[in-house]
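Computed from a prediction, not measured in an experiment: that's the story for all the values here.
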Amino acid sequence: METRIALIGIIVDNMEVVEELNKILHEYGKYIVGRMGIPYREKNVSIISIVIDAENNVISSLSGKLGMLKGISVKTVYSKNGK
């Protein structure tokens, strides 16, 4: 199947779910191209950017699992042509 490149933006408002978040990201590790995390201590949040190269259903599954965590906001942006 054809893969697409996507950027998943994550804002963590609840630090208690970080362990579960990292567990989920580890499950999808073979698809993750890169990850950048920025702790914004003044606002007590963390911002994480994930670049992923995977099939649409894999990207949607990851985004959905992350979005179900309490205190996590997730948005996904897909490349237009997948290349």
Side-chain angles (χ1 to χ4, degrees):
M1 265 191 123
E2 188 174 320
T3 64
R4 292 183 73 183
I5 298 168
L7 173 66
I8 301 174
I10 306 164
I11 297 179
V12 182
D13 291 311
N14 178 8
M15 296 305 163
E16 294 178 9
V17 299
V18 170
E19 187 175 333
E20 182 65 22
L21 175 124
N22 284 323
K23 180 181 170 189
I24 293 168
L25 292 177
H26 181 73
E27 290 173 20
Y28 289 84
K30 68 179 181 179
Y31 303 106
I32 295 175
V33 176
R35 171 182 175 170
M36 179 179 64
I38 303 169
Y40 191 1
R41 290 180 183 89
E42 292 83 12
K43 299 289 183 175
N44 200 31
V45 299
S46 290
I47 300 102
I48 303 170
S49 298
I50 304 291
V51 177
I52 186 167
D53 185 358
E55 299 166 3
N56 281 336
N57 62 331
V58 172
I59 297 169
S60 295
S61 175
L62 173 56
S63 295
K65 286 181 181 181
L66 294 173
M68 290 190 312
L69 295 174
K70 185 175 180 159
I72 302 286
S73 301
V74 179
K75 292 292 179 187
T76 304
V77 179
Y78 292 86
S79 64
K80 290 188 178 192
N81 62 8
K83 296 178 183 176

**Student:** Examine Val45 and Leu66 and state if one hydrophobic cluster contains both, with Ile, Leu, Val, Met, Phe, Trp and Tyr joined whenever side-chain heavy atoms are less than 4.5 Å apart.
**Tutor:**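 As far as the 4.5 Å side-chain criterion goes, Leu66 and Val45 are not connected within one cluster.
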**Student:** State, with a plain yes or no, whether a side-chain heavy atom of Tyr31 is found less than 4.5 Å away from one of Ile59.
**Tutor:**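 A side-chain contact under 4.5 Å is absent here.
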**Student:** Measure across Lys80 and Arg4 and return the closest heavy-atom pair with its distance rounded to 0.1 Å.
**Tutor:**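 Minimum heavy-atom contact is O-NH2, 4.1 Å.
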**Student:** Would you say Leu62 and Val18 are hydrophobically clustered, going by side-chain heavy atoms of ILVMFWY under 4.5 Å?
**Tutor:**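 Cluster IDs for Leu62 and Val18 match.
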**Student:** Carefully, step by step, assess His26 and Asn22 under the rule side chain to side chain contact (heavy atoms under 4.5 Å, CB included).
**Tutor:** CA-CA 6 Å; His26 181 73; Asn22 284 323; over 6 Å; no
**Student:** Can you tell me which residue among Val58, Ile52, Asp53 is in a side-chain contact (heavy atoms from CB on, under 4.5 Å) with Thr3?
**Tutor:**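 Going through Val58, Ile52, Asp53 one by one, the side-chain contact (heavy atoms from CB on, under 4.5 Å) with Thr3 is satisfied by Asp53 alone.
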**Student:** Where do Ile10 and Ile72 come nearest, in terms of heavy atoms and distance?
**Tutor:**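 For Ile10 versus Ile72, the nearest heavy atoms are CG2-CG2, 3.7 Å.
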**Student:** For the residue pair Pro39 and Ser46, what are the closest heavy atoms and their distance?
**Tutor:**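 Heavy atoms of Pro39 and Ser46 come nearest at CA-OG, 4.0 Å.
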**Student:** To the closest 0.5 Å, what do you measure between CG (Asn56) and OG1 (Thr76)?
**Tutor:**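 Between atom CG of Asn56 and atom OG1 of Thr76 there are 11.0 Å.
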**Student:** Do Ile8 and Tyr78 belong together in a cluster built from hydrophobic side chains that touch within less than 4.5 Å?
**Tutor:**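 Linked within one cluster.
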**Student:** Is there a path from Ile5 to Ile50 through hydrophobic residues (I, L, V, M, F, W, Y) whose side chains come within less than 4.5 Å of each other?
**Tutor:**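 No, Ile5 does not connect to Ile50 through the hydrophobic network.
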**Student:** Compare every heavy atom of Leu25 with every heavy atom of Ile32, then report the nearest pair and how far apart it is.
**Tutor:**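 It is CD1-O, 3.6 Å.
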**Student:** Could you tell me if the side chain of Asn44 sits less than 4.5 Å from the side chain of Asp13, heavy atoms only?
**Tutor:**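 Of all side-chain heavy-atom pairs linking Asn44 with Asp13, none is under 4.5 Å.
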**Student:** Please tell me whether Val17 and Ile11 are part of a single hydrophobic cluster in this structure, the criterion being side-chain heavy atoms less than 4.5 Å apart.
**Tutor:**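 No: no chain of side-chain contacts under 4.5 Å links Val17 to Ile11.
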**Student:** Grab the two heavy atoms, one from Gly67 and one from Val74, that are nearest each other, plus how far apart they are.
**Tutor:**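 The answer is N-CG2, 3.8 Å.
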**Student:** Step through the shown structure and confirm whether more than 12 heavy atoms of other residues, nucleotides or ligands are within 6.0 Å of OH on Tyr28.
**Tutor:**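 Counting neighbours around OH of Tyr28, more than 12 heavy atoms of other residues, nucleotides or ligands fall under 6.0 Å, so yes.
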**Student:** If you round to the nearest 0.5 Å, how far is CD of Glu20 from CE of Met68?
**Tutor:**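 Met68 atom CE to Glu20 atom CD measures 9.5 Å (nearest 0.5 Å).
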